[in-house]
Amino acid sequence: MRNIKLTLEYDGFRYNGFIQPPKKGNKTTVSGKITDVLSRMESADTVANTATNTTADTATDLPIDFPTDLSTGFSALFCGERTAPGVHALQQTVNFKTDSALSVGEIRTYLNHYLPQDIVVSEAVETADRFHAELNARSRTYEYRIICSAFPDVFFRKYAHFLSQHLDIAAMDHAAGLLTGKHDFAAFSSGKTKKSTVRELYSIDFETTDISTDNEPDREEIRIYLKANGFLQKMPLSLIGTLLDIGLGKRTPDCIEQIFSGQEDPSHSAVAHALFLKEIEYNN
């Protein structure tokens, strides 16, 4: 079987994460939509030239010139990072094995035709048989978008966290220094696992941009970047929620050590719709 690697981008607003535990079902997840389409992809030499996305979530209204036979021999779908409900992806990596005779270009065209418009396959390549999107990932980077403004922006309300006051970036940067490095991040995770909860947070960076207008001369956008070898369930949102409270003066940077030691709890998680999976890095 051939090992196919896909690069995806998606709007996670209406999805319950990339994947859910089997008991909860998979139909409202990003992986569920992709798996539905792959399960319908017939082994064939050619695919119709239509490359237009469709808003249909299933194959019930598919054009007759596209194959719909359930004859793929397609394996499980593996992802580089399991994004939480409501979280978006600028660059997600997945892989699966298939005996389909379609070229990688035809596979990409087929997927983009049948997937809903809020999921797009930007690249499809055939990769080494041993490549595994999750196990071979070297680092993951998340991006969180904040707009400090007297009033929200209608067009970015689904993709940014709006704050009516400015943040103390210096205090947040101090706290970031206490978070980076190798730690047990169990306190910053909402999930229970028997596996190790130690992760290495390589960096937390802040990027501030002046987006002032004539009507609002003191408006700015802040982006927070988290890079680690891996993240626990809900860990990015928990970290950012705590950093935001520090930036708003509700907590001091010293609370980080108290959270790690179990003497204090982290802050409430930040809103999911402002978080983007930015990049997954692999060794060459």
Side-chain angles (χ1 to χ4, degrees), residues 12 17-18 80-90 134-135 137-148 160-209 220-281:
F18 186 85
E81 176 70 0
R82 298 186 178 191
T83 52
V87 175
H88 317 292
L90 301 173
E134 180 182 4
L135 301 180
R138 180 163 52 92
S139 68
R140 289 92 168 164
T141 302
Y142 277 98
E143 172 185 321
Y144 193 80
R145 299 178 181 180
I146 304 161
I147 294 181
C148 297
H161 186 162
F162 283 88
L163 294 172
S164 59
Q165 65 185 91
H166 290 274
L167 295 168
D168 184 344
I169 301 298
M172 296 171 72
D173 191 51
H174 182 188
L178 301 174
L179 286 167
T180 52
K182 186 177 289 187
H183 304 283
D184 185 344
F185 284 96
F188 289 96
S189 173
S190 64
K192 295 181 179 180
T193 178
K194 295 181 180 179
K195 298 180 180 180
S196 172
T197 51
V198 174
R199 297 291 186 272
E200 186 171 1
L201 189 55
Y202 297 135
S203 62
I204 301 178
D205 296 313
F206 303 90
E207 179 182 275
T208 303
T209 303
E220 67 178 357
E221 180 185 43
I222 300 168
R223 297 193 180 189
I224 304 175
Y225 300 97
L226 308 175
K227 182 176 182 178
N229 63 350
F231 291 91
L232 301 171
Q233 183 178 354
K234 301 291 183 67
M235 178 177 156
L237 292 172
S238 181
L239 290 171
I240 293 169
T242 302
L243 287 171
L244 288 177
D245 273 357
I246 292 169
L248 292 169
K250 297 179 180 180
R251 306 183 76 161
T252 65
D254 294 338
C255 75
I256 299 301
E257 295 177 345
Q258 304 302 314
I259 295 171
F260 276 135
S261 66
Q263 298 178 59
E264 294 185 21
D265 292 327
S267 299
H268 291 298
S269 293
V271 296
H273 67 257
L275 185 63
F276 296 76
L277 175 61
K278 184 177 186 294
E279 183 182 21
I280 302 174
E281 292 183 309

- prompt: Going by heavy atoms in the side chains, are Met172 and Phe206 under 4.5 Å from each other?
  reply: yes
- prompt: Do we see a donor-acceptor contact under 3.5 Å between the side chains of Tyr142 and Glu81?
  reply: yes
query: Looking at side-chain heavy atoms only, is the closest gap between Ile204 and Tyr225 below 4.5 Å?
result: no
message: Once rounded to the nearest 0.5 Å, what's the spacing between atom CD1 of Ile256 and atom OG1 of Thr180?
response: 10.5 Å
- prompt: Where is the tightest heavy-atom contact between Ala175 and Ile246, given as atom of each residue plus distance?
  reply: CB-CD1, 3.5 Å
query: Is any side-chain heavy atom of Leu237 closer than 4.5 Å to a side-chain heavy atom of Leu275?
result: yes
- prompt: Which is it for Tyr144 and Leu226 under the side chain to side chain contact (heavy atoms under 4.5 Å, CB included) test, yes or no, and what are the steps along the way?
  reply: CA-CA 8 Å; Tyr144 193 80; Leu226 308 175; over 6 Å; no
message: Would you compute the distance between atom CD of Glu200 and atom NE2 of His183 and round it to the nearest 0.5 angstrom?
response: 9.0 Å
task: Report the distance from atom CD of Glu143 to atom CG of Asp205, rounding to the nearest 0.5 Å.
output: 11.5 Å
query: Between the side chain of Ser189 and the main-chain N/O of Gln233, is any donor-acceptor distance below 3.5 Å?
result: yes
task: Could you point out which residue of Ile240, Leu167, Val271 forms a side chain to side chain contact (heavy atoms under 4.5 Å, CB included) with Ile146?
output: Leu167
- prompt: With no hydrogens and no angle check, do the side chains of Arg251 and Thr242 hold a donor and an acceptor under 3.5 Å apart?
  reply: no
- line: dist Asn229:CG -> Glu281:CD (nearest 0.5 Å) comes out at 12.0 Å
message: Nearest 0.5 Å, please: how far is OH in Tyr202 from OG1 in Thr141?
response: 10.0 Å
message: Are Lys227 and Ser139 packed together at the side-chain level, in the sense that at least one heavy-atom pair is separated by less than 4.5 angstrom?
response: yes
statement: Tightest non-hydrogen contact, residues Ser267 and Asp245, listed as OG-OD2, 2.7 Å
- prompt: Do any N or O atoms from the side chain of Arg140 and from the backbone of Gly80 form a donor-acceptor pair under 3.5 angstrom?
  reply: yes
message: The test is side chain to side chain contact (heavy atoms under 4.5 Å, CB included); show your working for Phe260 and Phe185 and say whether it passes.
response: CA-CA 7 Å; Phe260 276 135; Phe185 284 96; 3.7 Å; yes
query: Has the side chain of His273 got a donor or acceptor atom that lies under 3.5 Å from a matching backbone atom of Gly86?
result: no
field: Geometric cation-pi criterion, Arg145 with Phe276: 6.0 Å, 45°
entry: yes
- line: The side chain to side chain contact (heavy atoms under 4.5 Å, CB included) partner of Ile222 among Ile169, Ile147, Thr209, Leu244 is Ile169
field: Minimum-distance pair of heavy atoms, taken over all atoms of Ala171 and Pro253
entry: O-CG, 3.5 Å
- request: Specify the closest pair of heavy atoms between Lys234 and Pro85, including all atoms of both residues, with the distance to one decimal.
  value: CE-CD, 4.2 Å
message: Less than 4.5 Å apart, side chain to side chain, heavy atoms only: is that true for Val87 and Phe18?
response: no
query: What pair of heavy atoms forms the shortest contact from Cys148 to Gln165, and how long is it?
result: SG-O, 3.6 Å
query: Is atom CZ of Arg82 surrounded by more than 12 heavy atoms (other residues, nucleotides or ligands) closer than 6.0 Å?
result: no
message: Is any side-chain heavy atom of Cys255 closer than 4.5 Å to one of Gln263?
response: no
Shortest non-hydrogen contact from His88 toward Thr83: O-CG2, 4.4 Å
Spacing of CD1 belonging to Ile224 relative to NE2 belonging to His161, to within rounding of 0.5 Å: 10.0 Å
